[in-house]
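Below: the structure, in structure tokens.
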2 protein chains.
Amino acid sequence: MPTEDPAGKPPARSLRADARRNQETLLAAAARVFVTSGVDAPIRQIAAEAGVGTGTIYRHFPTRADLVTAVYRHQIEACAQAGPSLLAESDSPFEALHRWIDLFVDFLVTKHGLADALQSDSDRFAALHTYFLDRLVPVCGDLLDAAVGAGAIRPGVQPYELMRGVGNLCIGRDSDPRYDPRRLIALLLQGLRPLPQA
Amino acid sequence: MPTEDPAGKPPARSLRADARRNQETLLAAAARVFVTSGVDAPIRQIAAEAGVGTGTIYRHFPTRADLVTAVYRHQIEACAQAGPSLLAESDSPFEALHRWIDLFVDFLVTKHGLADALQSDSDRFAALHTYFLDRLVPVCGDLLDAAVGAGAIRPGVQPYELMRGVGNLCIGRDSDPRYDPRRLIALLLQGLRPLPQA
DNA sequence: TACTATCCGGAACAAGGTTCCGTTTTGTCA
DNA sequence: TGACAAAACGGAACCTTGTTCCGGATAGTA
């Protein structure tokens, strides 16, 4: 079955040699360009950096989201897998949740424009939104459940809305000294704790 | 002094008759288009709706932010002025803050794409960001100070970061049943309350 | 080596933002 | 009222970016 999963992961071993070579060149070039120009960088710029034509990019990564997820797949995966580990090694489920969210935030804020893209109105990134959520919402759900079970937070918060809220809080110009998303996210997590008196 | 404030408010009574006429036509047309196509609507579409050339739009509103602020000036103003009123009439400063934030959120979520534009990476909307904050941050600051003074929330939160956080939480596709910005904003405000012990 | 399926490059098209300038309108003054 | 200069208009033209398409190059195979 030659159809790939919707997130555009590198197709297996059936490509022609030049195709596979270009695919790797493209991933490396895109990673470099994303650092300097953000995930919104013009296709032509990425093509130039890789030394290929624009058609080649579209053939390998039909949508921009495919390219972005391919570039960051490893980190998304690492984030997903960190959930259970943190739950096991942290002193409390709440701490595990907090540390996991911090991990996610670190990932977002170090990738210029990634948080913006995640919530972008345009359909250009819809698949990116979907991929992130499909992969991370279940992990977040487990952490939330554990924290609720321990009585550390109130029930009723959905993982989807928490993830999306956290992602939203990371949006915007990087490195504005007046705005540190982590501060607000910490406040938001505080807001999840049980109310002092019934 | 004929210089205008940087937010592009309608210049005073010194325009030629046709210019003033066009300016009003444009504001009305833009308001209509924003409702259906969002504040990102193509300039040409607004020009067509108003029955003028694109040059005319740029002459009256050099940047898109100028047009947007001109269209929504009244509502921004109303929001700013609601701050002191709410403080006077609410049962507590915390309630006043909460109600004021709700007002702000209502404004943002009913204007398709406005919250997105506010935090947009591109410079296209930089002046919009500035205008909103210049006008509303002081109001928010007063409400915060009052709530801190009453012991209803912890000190240390800056009005800028709160406004921006709230704005950020409003970003995204409208009317996703899984995501209600108000829920998370309420949680965030809960997170501002003093910690139970210590 | 010859053949074909695959892949490549970049020209070409579409859409939107922005600028520019020849033309039209307005207001004023004789 | 007629003429004139300043102000404003309209939209063609240009630029950037996304996306498609196809003639030509190339890898794998017989």
Side-chain angles (χ1 to χ4, degrees), chain A residues 2 4 8 10-27 29-30 33-34 36-68 113 116-117 120-128, chain B residues 2 4 8 10-27 29-30 33-34 36-68 113 116-117 120-128:
Chain A
E4 297 306 321
R13 306 285 92 180
S14 54
L15 290 177
R16 239 172 60 173
D18 54 349
R20 183 150 60 249
R21 208 183 317 132
N22 268 332
Q23 192 153 295
E24 277 157 27
T25 306
L26 269 173
L27 282 176
V33 170
F34 287 172
T36 59
S37 307
V39 296
D40 264 320
I43 293 287
R44 288 190 225 293
Q45 185 181 345
I46 301 169
E49 173 79 21
V52 304
T54 55
T56 302
I57 293 197
Y58 280 98
R59 194 170 317 103
H60 286 289
F61 305 100
T63 76
R64 188 178 287 267
D66 292 329
L67 181 54
V68 175
D116 304 55
S120 159
D121 258 353
S122 83
D123 310 306
R124 197 159 48 128
F125 285 111
L128 184 61
Chain B
E4 296 303 323
R13 307 286 90 179
S14 53
L15 289 176
R16 242 172 58 173
D18 54 349
R20 184 151 59 249
R21 210 183 316 131
N22 267 333
Q23 192 153 293
E24 279 157 26
T25 305
L26 268 174
L27 282 176
V33 171
F34 286 171
T36 59
S37 308
V39 296
D40 265 319
I43 293 287
R44 288 189 230 284
Q45 185 182 344
I46 301 170
E49 173 80 22
V52 305
T54 56
T56 302
I57 292 196
Y58 280 99
R59 195 169 316 102
H60 285 288
F61 305 101
T63 76
R64 196 181 208 86
D66 293 330
L67 181 54
V68 175
D116 303 55
S120 159
D121 256 355
S122 82
D123 308 308
R124 196 160 48 127
F125 284 111
L128 184 62

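Numbered from 1 within each chain, the chains take letters A, B, ... in sequence-line order. The structure presented is a predicted model; accordingly, all values stated were derived computationally and were not measured.
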Taking [atom1] from [X] and [atom2] from [N], how many angstroms apart are they, rounded to a whole number?
X	N	atom1	atom2	answer
B:Arg21	C:dT24	CZ	P	17 Å
A:Ile43	D:dT20	CD1	C1'	13 Å
A:Leu15	C:dC8	CG	P	9 Å
B:Gln23	D:dA7	CD	P	16 Å
A:Asp123	D:dT19	CG	P	10 Å
B:Phe125	C:dG17	CZ	C1'	12 Å
B:Arg20	D:dA7	CZ	C1'	14 Å
A:Leu26	C:dC8	CG	C1'	11 Å

Closest to the B:Ala17 side chain: C:dG16, C:dG27, D:dT17?
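From the listed options, C:dG27 comes nearest.
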Specify the residue among B:Asp18 and B:Tyr58 whose closest nucleotide of DNA chain C lies further upstream toward the 5′ end.
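Closer to the 5' end of DNA chain C: B:Tyr58.
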Would you kindly compare B:Arg16 and B:Arg124 by the position of their nearest DNA chain C nucleotide and give the one closer to the 5′ end?
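Going by which nucleotide is closer to the 5' end, it is B:Arg124.
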Taking atom types as they are modelled, is there a donor-acceptor pair under 3.5 Å from the base of [N] to the side chain of [X]?
X	N	result
B:Arg59	C:dT19	no
A:Arg64	D:dG18	no
A:Arg44	D:dT19	yes

Under 3.5 Å side-chain donor-acceptor pair for A:Asp66 and A:Thr63
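Short answer, yes.
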Can you see which heavy atom on B:Ala50 is nearest to which on B:Leu26, and at what distance?
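Heavy atoms only, the tightest pair is CB-CD2, 3.8 Å.
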Indicate whether OP1 or OP2 belonging to [N] is found under 4.0 Å from a side-chain N or O atom of [X].
X	N	result
A:His60	C:dC7	no
B:Thr56	D:dG10	yes
A:Asn22	C:dC8	yes

Do B:Val68 and B:Phe61 come within less than 4.5 Å of each other through their side chains, counting heavy atoms only?
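Result no, sub-4.5 Å side-chain heavy-atom pair not found.
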Any side-chain heavy atom of A:Phe125 sitting closer than 4.5 Å to one from A:Asp116?
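Not touching, per the 4.5 Å side-chain cut-off.
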Between B:Arg59 (side chain only) and B:Ala19 (backbone N and O only), is there a donor and an acceptor less than 3.5 Å apart?
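No: the side chain of B:Arg59 does not pair with the backbone of B:Ala19.
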